[in-house]
Amino acid sequence: MIKRMKGTYDITSDIRYYQAIEKQIQKVSRLFNYQEIRTPHFEQQALFHRSVGQDTDIVSKETYDFKDRGGRMNTLRPEGTAGVVRAFIENKLYAEPKLPQKYYYLGNMFRYERPQKGRFREFYQFGAEAFGSNHPAIDAEIIAYAVTLLRGLKLKNVTVHLNTLGDKASKAAFEDALKNHFKDDIEHMCQDCQTRYQENPLRILDCKVDQDKAIMQSAPKTIDYLTKTDQKHFTLVQDYLKAMNIDVIVDHNLVRGLDYYTHTVFEIKVSKDLLGSQNAICGGGRYNHLVETLGGPEVPAVGFAFGIERLVMALKENDYPLVEDAIHLYLLILDDTARLKAVEIAQKLRLGGIITELDYMEKSFKAQFKQSAHHNARFVGILGENEVKENQINVKDQQSEVEETIALDDLYIELAQKLTKQRDDCKDCDKGESS
RNA sequence: GCGGCUGUGGCGAAGUGGUUAACGCACCGGAUUGUGGCUCCGGCACUCGAGGGUUCAAGUCCCUUCAGUCGCCCCA
C-alpha cells in the first residue's frame, strides 16, 4: 500500500474545524480590511536565503529544494512572508493608493523537519502583512487582528507575549552587549548556547536549560539598548493595545528566529498542557527592511503568521462547538418505479435548496432507515407502490416523529415551510458553526 | 540532525514461543408483510507495519527498514 509521506496528513473529518477557522479568517480579515493575496507554493531558492536568513534553521536545514528541468533552483515555501513581499515588489503593489497596503494569505508551507505534535512537514499558515506604515498603531492593529480571530473562535487561555528588538542600531548595540555579557561564562553554559553565541546571540535569551543561572538573570535587556525613537515606538504600541483592551505580557526574553525582524515582535501562546512544546500558535513582528533587502523600495511592514494545525488542536481541546452535519430529507425507495420518482423529486428539491439524499445501494427498507439516521436526516420520505400510484409521499419528521402524507406537488413548499419555521424557532442557530 | 516510546480488524485493546488471534465500540444482516435509535441472535483479522533471520514452532526472540508519537533543536 502506498502511504502518505512522512510529516504529511490527510484532513478528513477534521475538515469542519478547518472550515470554521477559514470562515472566521474571512470574517475578521474583512473587518480589519485586509485583502487576500495568493502567491506560488514554490519560489526561487534565493528568495528565502535573502529574506528568512542564510543561517536560520529554516533555510540551512529545513527547506525542500529541487532543481527543475531547466536547471533552476526552486524551494517550496517554508513561510509566507517572503513570497508576499516578493509579489508586493514584483507587482508594484507599493504604488497602490490605499495605504497602508494590507494583505492576508492562507496556504500550505513546507519544512523538512522531524514531525511531532503540532509540527508537520506540510502545514497550513494563515498570515497577514501590512505594508507602508511605520506607525506603532499598525503594530497594534496587527496584534489586535490576530487576537480578534482567536476571540471569534472562542479560544480560551491564550496569552500575547510582546517584546521589541528595536531597529538596526538598537539591535546591533544589544547584540554587542549580549556577547560582551556572556563572554566569560559562555563555556559554562549549555552546548546550544555556545552555538547560539556564535550564530545568533539573541537566542541565548530563551534558552530553557540555563534559564535560572545568575548570568541569565543579569543579562542585558533589549529595552536598555533602544534608541529614544525605538523606545517610544514600543511604548506607543503598548498604549494602543491598551486602548483596544488587549492584554499583553511584556517578555524581554522573547526573540524570534527569523533574521528580518525589527522593533515589535510577538507570539501568541496557549497553555502548554494543551499543545505541549509547540504551544505558540501565532508569531509575528515588524520587518522594516525586508522589502528593501529584496530589491524593493524602502517600505516598512509588520505581520504575523498562524499555524492552522495548532489552532485546530487548540479548538479541539477547547471543545469548540461544531454543529453536526445533517441533511434535510432522506428518500426511502421501495421499488424501481419509486426509484425513478425519487430521482426526479430529489433533483427538484435540491435545486430548491433542500439537502436531499436517497438510497443507491438497493438496501432493505430497514437498512435505508438506518442510513437516514447516519445522515442525520431531519425528514424521511417514503416512496412505495402506493405513494407513486397516488402521486404522494409519506413524510416523517424525525424530530417530532409526526408522520403525514403529502401530495408530491406540495412536497417542496411543505418542506421549505417546515424548515424555515425551524430556523425561526431557533434563536441560537448561529452559535457555534454553520452547517 | 539527535534521543525515548510505539506499530495487532474502521477505532480502542488482550496476547511476553506452541492448537481455529480474546474482548469492547463501530459496522453489516436477522428477530412475520413498509418505520431507525433500546434489547436479543448472528456476521465481520487466510493475519498481527514491511523485509529478512533464529527455531520443530513467532504476533510473541534477533536484525534491518518504514511509519507514528513524545522530547531536544528550531518554529506556526
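Chain letters run A, B, ... following the sequence lines, proteins first and then strands; every chain starts at 1. In this text the structure is predicted, and so the values were computed from the model without any measurement.
- Legend: salt bridge (Lys or Arg N to Asp or Glu O under 4.0 Å) pairs involving residues 371-399 of chain A, not counting sequence neighbours, sorted by first then second residue: A:Arg378-A:Asp397.
- As rounded to whole Å, 19 Å separates atom P of B:G36 from atom CD of A:Gln399.
- Here B:G34 presents its C1' atom at 11 Å from CG of A:Asp335, a figure rounded to the nearest Å.
- Checking B:G34, B:G36, B:A67 against every side-chain atom of A:Lys6, the shortest atom distance belongs to B:A67.
- In this structure, OH in A:Tyr64 is found 15.0 Å from CD in A:Gln45, a value given to the nearest 0.5 Å.
- Comparing B:G36 with B:C70, their P atoms sit 44 Å apart, to the nearest whole Å.
- A:Gln278 comes within 4.0 angstrom of a base, heavy atoms only.
- As a whole-Å value, the separation of A:Met5 CE from B:A67 P is 8 Å.
- With P as the reference atom, B:G24 and B:A45 are 15 Å apart, rounded to whole Å.
- Look at NZ on A:Lys61: it is 5 Å from C1' on B:C73, rounded to the nearest Å.
- Summarising the base pairing, B:G15 is matched to B:U8 through a Watson-Crick or G-U wobble pair whose two defining distances lie under 3.5 Å.
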Query - Worked verdict on A:Arg339 versus A:Asp336 for salt bridge (charged side-chain N to carboxylate O under 4.0 Å, His left out) - result: CA-CA 5 Å; A:Arg339 185 172 306 277; A:Asp336 285 340; 3.7 Å; yes

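- Comparing A:Ala280 and A:Ala373 by the nucleotide of RNA chain B whose heavy atom lies nearest to each, the residue mapping closer to the 5' end is A:Ala373.
- B:A58 and B:G17 have their P atoms separated by 14 Å, given to the nearest Å.
- Across all strands, A:Gly7 comes closer than 4.0 Å only to sugar-phosphate atoms, never to a base (heavy-atom distances).
- One interatomic measurement links the two molecules: CZ of A:Phe365 to C1' of B:G34, which rounds to 4 Å at whole-angstrom precision.
- Residue A:Leu334 is classed as a base contact, given a heavy-atom separation below 4.0 Å to a base.
- Rounded to whole Å, the C1' atom of B:A26 lies 33 Å from the corresponding atom of B:G18.
- Put simply, A:Gln116 has a side-chain N or O that comes within less than 4.0 Å of OP1 or OP2 on B:G71.
- When each of B:A76, B:C27, B:G34 is scored by its nearest atom to the side-chain atoms of A:Arg119, the top-ranked nucleotide is B:A76.
- Judged by the 6.0 Å distance and 45° axis criteria, A:Lys316 is positioned over the aromatic ring of A:Tyr17.
- Note that OH of A:Tyr261 is 13.0 Å distant from CG of A:Asn163, once rounded to the nearest 0.5 Å.
- Among the atoms of the strands shown, none is found under 4.0 Å from any heavy atom of A:Tyr124.
- Taking the C1' atom of each, B:A14 and B:C72 are spaced 35 Å apart, rounded to whole Å.
- Applying the Watson-Crick and G-U wobble criteria (two distances, each under 3.5 Å), B:G42 pairs with B:C28.
- Taking the charged nitrogens against the carboxylate oxygens, A:Glu344 and A:Lys348 do have a contact shorter than 4.0 Å, which makes a salt bridge.
- Of the N and O atoms on the side chains of A:Asp10 and A:Thr12, not one donor lies less than 3.5 Å from an acceptor on the other residue.
- The residue A:Gly127 sits apart from the nucleic acid: no heavy atom pair falls under 4.0 Å.
- Under the 3.5 Å distance criterion, with hydrogens and angles disregarded, a donor-acceptor pair is assigned to the side chains of A:Asn134 and A:Asn288.
- Ranking B:G29, B:G49, B:C73 by closeness to the A:Ala367 side chain, first place goes to B:G29.
- Remark: A:Lys154 fails to qualify as a cation-pi partner of A:Tyr320 under the 6.0 Å distance and 45° angle criteria applied to the six-membered ring.
- With respect to the salt-bridge test (charged N to carboxylate O, under 4.0 angstrom), the residues A:Arg121 and A:Glu113 do not qualify.
- Taking atom CG of A:Asn394 as the reference point, atom C1' of B:G36 lies 14 Å away to the nearest angstrom.
- Base pairing of B:U60 is not made with any nucleotide, judged by Watson-Crick or G-U wobble geometry with both donor-acceptor distances under 3.5 Å.
- Under the stacking criterion of a centre-to-centre distance below 5.5 angstrom and an interplanar angle below 30°, A:Phe306 is not stacked against the six-membered ring of B:A76.
- Counting atom types as modelled, A:Glu62 pairs no side-chain N or O with a base atom of B:G1 as donor and acceptor under 3.5 Å.
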Which atoms of nucleotides 37-41 of chain B (N or O only) lie under 3.5 Å from a protein N or O atom, and what are those distances?
unit_1	atom_1	unit_2	atom_2	d
B:G37	O6	A:Glu401	OE1	3.3
B:G37	O6	A:Glu401	OE2	3.3
B:G37	N1	A:Glu401	OE2	3.3

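- In this structure, A:Asp397 places its CG atom 14 Å from C1' of B:G36, rounding to the nearest Å.
- Rounded to the nearest Å, the gap between the P atom of B:G43 and that of B:G51 is 31 Å.
- Proximity of residues 105-114 of chain A to RNA chain B (heavy atom under 4.0 angstrom from any strand atom) is restricted to A:Arg111, A:Glu113, A:Arg114.
- With both ends at atom P, the span from B:U39 to B:C25 equals 9 Å, rounded to whole Å.
- Across every strand in view, B:C2 sits in a pair with B:G71 that passes the Watson-Crick or G-U test at under 3.5 angstrom.
- For the pair A:Met109/A:Tyr124, no side-chain contact is recorded, criterion being any heavy-atom separation below 4.5 Å from C-beta on.
- A:Glu362 has its CD atom 17 Å from the C1' atom of B:G34, to the nearest Å.
- Close to B:G29, at under 4.0 Å from its OP1 or OP2, lies a side-chain N or O of A:Lys363.
- Comparing B:U8 with B:C23, their C1' atoms sit 13 Å apart, to the nearest whole Å.
- In the model, A:Tyr330 has no side-chain atom that pairs as donor or acceptor with a side-chain atom of A:Thr356 under 3.5 Å.
- Judged by Watson-Crick or G-U wobble contacts below 3.5 Å, the nucleotide B:U33 has no partner.
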